[in-house]
4 protein chains.
Amino acid sequence: MGNFKGHALPGSFFLLFGLWWSVKYPLKYACRKNKNVCYLGSRAGFRRLEFVEGIIKAVFALIGMVAEQFVPDGPHLKLYNYEKKHWDHLMNWQHATMYLFYGISGLVDIVAHGTNALPAAMDRMMLSLAVFIEGFLFCYHLHGRAMLDVHVHQLLLFAIFGAAACIFLEVFFRGSIVLEMLRTSLCILQGSWFWQIGFVLYPPNGSPEWNQTDHTNMMFLTMCYCWHYAFAFLILAVNYTIHMTVLHKILLT
Amino acid sequence: MGNFKGHALPGSFFLLFGLWWSVKYPLKYACRKNKNVCYLGSRAGFRRLEFVEGIIKAVFALIGMVAEQFVPDGPHLKLYNYEKKHWDHLMNWQHATMYLFYGISGLVDIVAHGTNALPAAMDRMMLSLAVFIEGFLFCYHLHGRAMLDVHVHQLLLFAIFGAAACIFLEVFFRGSIVLEMLRTSLCILQGSWFWQIGFVLYPPNGSPEWNQTDHTNMMFLTMCYCWHYAFAFLILAVNYTIHMTVLHKILLT
Amino acid sequence: MGNFKGHALPGSFFLLFGLWWSVKYPLKYACRKNKNVCYLGSRAGFRRLEFVEGIIKAVFALIGMVAEQFVPDGPHLKLYNYEKKHWDHLMNWQHATMYLFYGISGLVDIVAHGTNALPAAMDRMMLSLAVFIEGFLFCYHLHGRAMLDVHVHQLLLFAIFGAAACIFLEVFFRGSIVLEMLRTSLCILQGSWFWQIGFVLYPPNGSPEWNQTDHTNMMFLTMCYCWHYAFAFLILAVNYTIHMTVLHKILLT
Amino acid sequence: MGNFKGHALPGSFFLLFGLWWSVKYPLKYACRKNKNVCYLGSRAGFRRLEFVEGIIKAVFALIGMVAEQFVPDGPHLKLYNYEKKHWDHLMNWQHATMYLFYGISGLVDIVAHGTNALPAAMDRMMLSLAVFIEGFLFCYHLHGRAMLDVHVHQLLLFAIFGAAACIFLEVFFRGSIVLEMLRTSLCILQGSWFWQIGFVLYPPNGSPEWNQTDHTNMMFLTMCYCWHYAFAFLILAVNYTIHMTVLHKILLT
């Protein structure tokens, strides 16, 4: 994962989910307000959506785990190198562990929304835990790296732990559009920041490297992080406007 | 911003909003208790107030952003100095970023209270985020300054993050007079403390400078911060009393 | 305050309030469960109690402020020593500031429960703030002291911030017997720990001093703190039992 | 306690409680959904269970306290060694203190569910406190140990403080299946991690010792901790499935 692609890939997943949520939740909100018009707004329809989301999440997580294990320089399920007496490819194993919890979250989504066996709120709890575990592993991931490297990953932790807290609140305030929008914005932020990390630490196309020890670079990136967040809200606003006006009009005519 | 005016100006804005809220919320509370008397207490009336507040917030934020960019020694929209190879006027850019989020919060206020498109609770969520971003940027703002400088800004962070948490709670407990008063008091505190910072770090009229490394100065300022807070409550109490008694009597006669 | 009495006095106040609450809240709970029997359980009766509590709190706070100012080696309202160019008796001023906020809390109690002008929940908010300010000032109080001295005061902070959080929760869950008991227990803990601090740092009657740098002393005191808490629960349990059984029986006959 | 058994024993207790809860709460949830079928699901039945649980908790805690005091190299109720002038067997006293609070929690369970004297929510509050005190004492327990030793105990703190927060939330959201499952998972995690600590710090059967200062060992153990948690959810899922399907079918036929 220590390259540009290794950050662009998870970033794209988070962006994908964030963008999808920025479509789904405004739609859901619009439908809840105009019940008689919009048949998609039925509880059954949205439950099916969450079911499909769970499948996609689980599949992505499975692909991620397999990829981390079986890339050419991956561990191939070997955890300990008995000859050299050290742990083998710990980074890949850590990433696989992160994916594992997203996989569990996907499975819980599938069971909670595909059957009546599990209480619906379990899906939020598991997602919150998956996000928390991601942040938790990140915390112990950064030992001994350069200052700028640590800083950009620490900034990511705000989005991660913020999202974990927000999703945990959803256990108790389920269906609150405010929390759903907050989660969506933090998810887009995480996705676009992963891309930014890739550009900063592994500049593609032979761009010059960033000075890892320059304090003004850190200050710029902190600010840049806020711009990413403003950008996330811009996307949210555009998607929200489209669905609340254009699509709304179509449905009403 | 590294001068007396640069602290007095934002301080005045916060004081202005704090004082206005210390008038508005007691009034709102009084009107809610005497529904038949007070036509201002209608939900529509207060919604219009929040709409106007949003406009003022957005305009102030715009002025702030433009001012930070185009003051004589500002960046004039130039972010990177390619000749000297360093970031240009990062401080001004950071302040403009802070204003940006207050601007977004103002826009959300306008949309949420001017139309029916947005859920009302979004205004509190965005305001909470704007305050949080202010504190977040402040945290990474203080690197390498003198002890006293860092300390007075750290004290400010209590008011900022306290307000952010309080406003976030308002998402769930909207219209709670207790939270509204708490927010008002923290806003006045922030405003008056900005003035205090100006007096401490950039003493006007040739007053002697404060010793930046004297530990007793830090202890005094910590205490002084509490006095500012007590003073904020005094203002709140006076405004509250006026509106609950004098104005109340006028309305009843 | 830097002597045995200076810790025993506030400790006694907290113990007094804690013990009183350990009588009041079980009584209130018993009365709420047996409405027809117990005329003390009327809302008006308990409101009057809270009114009186507010007066006592305000008077204690006033006495505390005056005492801190006018003890023989106190500041006598002099804040800055212009001759020697340093702040005068900052410790006393800090303690007076702590009392000030308890005084404000007392005033709010008086207004909230003596008139209908203030929402009742304001009393908990101000008490929570008063306790928070106490802890806040303590945090910046301990600079440059010996290890054991810092440690015993840090332990106190758990009780203080715990109580502040608990009282803040009461704003939203008013009248929850669980939170009231938790607050009472933390108040007794604070009181008895103040006494313990007095005994540890200023051993009376010529007892040998504690070794301030011995790590096992710190470990013992941490454990001792837990015993104090267990003791607080013992007091609570005894008072609770008496009021729920003996007094209950008397009322029913 | 500084040996393999000393970690395996408390680990077994937590595992036992965790496994029992992973049976009890799904059963309770199933019964609540099918009220007419399942007589065990009566409130009285579950109250009796909680009563018995309280007795078991109190007895275990008593055994634990007695064992810590009277093991051959225990303090035998002697706190201070006056000859050598140092505290005697502080570790054992600290562990006994931890058990003490679990004992108090057990007593509160007994009173709250055996009589009507105490509000039911007190049991959760005391359990939350008992878990918090356990974590609190652990925090001041680790001074001066090797890096890996500190790390594995710090990881434990996440499970402990997580459980304390979760149980405290149950005071307000009593009977929430989501919180009950979260608590159960954290309890199993704590139990299995105690075993892991035993294996890492005191490898039985002459296995080679772990290198206490190798950073990759720390990274592996952090990841391993997550696997334990995934394993806890596996156990939960299996137990949940059994009770929601097999047992459910038996009851319905």
Side-chain angles (χ1 to χ4, degrees), chain B residues 25-26 28-30 32-34 147 151-152 154-155 157-159 162 165-166 169-170 172-173 175-186 189 208 210-211 214-234 236-237 240-246 248, chain C residues 65 75 79-82 84-105 107-108 111-112 115-130 132-144 164-165 168-174:
Chain B
Y25 290 116
K28 190 172 155 196
Y29 180 70
R32 224 186 301 155
K33 275 176 73 178
N34 308 283
M147 191 184 74
H151 184 64
V152 287
Q154 263 173 355
L155 289 174
L157 289 178
F158 281 87
C166 170
L169 276 176
E170 282 189 68
F172 304 103
F173 300 94
S176 154
I177 178 78
V178 174
L179 286 177
E180 286 164 349
M181 300 293 261
L182 183 59
R183 162 157 57 102
T184 306
S185 69
L186 289 167
L189 172 63
W210 289 56
N211 183 347
D214 183 357
H215 185 67
T216 58
N217 277 343
M218 267 179 67
M219 279 181 77
F220 168 71
L221 282 167
T222 309
M223 188 169 60
C224 183
Y225 187 70
C226 296
W227 295 350
H228 275 257
Y229 202 29
F231 177 70
F233 276 106
L234 183 67
L236 258 185
Y240 194 91
T241 314
I242 292 170
H243 287 89
M244 295 300 280
T245 56
V246 183
H248 199 196
Chain C
M65 276 189 284
L79 180 57
Y80 195 77
N81 192 329
Y82 285 97
K84 299 189 184 161
K85 296 210 175 255
H86 65 66
W87 301 98
D88 214 37
H89 297 94
L90 269 182
M91 282 291 173
N92 294 57
W93 277 99
Q94 286 207 336
H95 295 137
T97 305
M98 291 181 192
Y99 289 126
L100 173 64
F101 276 84
Y102 280 105
I104 295 176
S105 163
L107 284 178
V108 169
V111 177
T115 73
N116 280 314
L118 266 182
M122 283 300 288
D123 65 342
R124 294 292 188 271
M125 200 266 270
M126 275 312 306
L127 184 55
S128 169
L129 268 178
F132 180 83
I133 295 279
E134 188 200 343
F136 176 76
L137 283 172
F138 258 117
C139 280
Y140 292 97
H141 206 68
L142 304 172
H143 189 90
F168 192 75
L169 276 176
E170 282 190 68
V171 172
F172 304 104
F173 301 94
R174 194 184 182 79

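These figures come from a predicted structure and were not determined experimentally. Lettering of chains follows the sequences in order, A, B, ..., and the numbering in each one begins at 1. Because only heavy atoms are used, hydrogens play no part in the values below, and waters and symmetry mates are left out as well, while side chains stay in.
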| message | Less than 4.5 Å apart, side chain to side chain, heavy atoms only: is that true for B:Tyr225 and C:Thr97? | response | no
Next on the checklist: Looking at B:Tyr240 and C:Ala117, would you say the former's side chain and the latter's main chain have a donor-acceptor pair under 3.5 Å?
Outcome noted: yes
Between the SG atom in B:Cys224 and the CH2 atom in C:Trp93, the distance rounded to the nearest 0.5 Å is 11.5 Å
Ranked by heavy-atom pairs below 4.5 Å to chain C, first place among B:Leu234, B:Leu169, B:Leu182, B:Ile177 goes to B:Leu182
Interatomic distance, CE@C:Met125 vs OG@B:Ser185, rounded to 0.5 Å, equals 5.5 Å
Whatever's closer than 4.5 Å to a heavy atom in chain B on C:Met126 counts as side chain
Bottom line for C:Leu118: the part with an atom under 4.5 Å from chain B's heavy atoms is both
When the 4.5 angstrom heavy-atom criterion is applied to C:Tyr140 and chain B, the contacting part is both
Is there a side-chain contact (heavy atoms from CB on, under 4.5 Å) between C:Val108 and B:Phe233 once you walk through the steps?
CA-CA 11 Å; C:Val108 169; B:Phe233 276 106; over 6 Å; no
One should read off an interatomic distance between B:Thr222 OG1 and C:Leu90 CG, to the nearest 0.5 angstrom, of 9.5 Å
Mind checking whether C:Tyr80 and B:Phe220 have ring centres under 6.0 Å apart?
no
Highest number of heavy-atom pairs under 4.5 Å with chain B among C:Val111, C:Leu100, C:Leu79 belongs to C:Leu79
Turns out that what part of B:Leu221 lies under 4.5 Å from chain C's heavy atoms comes down to neither
Q) Do B:Phe173 and C:Val171 pass the side-chain contact (heavy atoms from CB on, under 4.5 Å) test, and can you show the C-alpha distance, the side-chain angles, and the key distance before you say yes or no? A) CA-CA 11 Å; B:Phe173 300 94; C:Val171 172; over 6 Å; no
Under 4.5 Å to a heavy atom of chain C? For B:Asn217 that would be both
Looking only at heavy atoms, the pair that brings C:Phe101 and B:Ala230 closest together is CZ-N, 3.7 Å
Notebook entry, point to check: What is the ring orientation for B:Phe158 with C:Phe136, classed by angle as parallel under 30°, tilted 30 to 60°, or perpendicular over 60°?
Noted result: perpendicular
In terms of heavy-atom pairs under 4.5 Å with chain C, the winner among B:Met219, B:His215, B:Met181 is B:His215
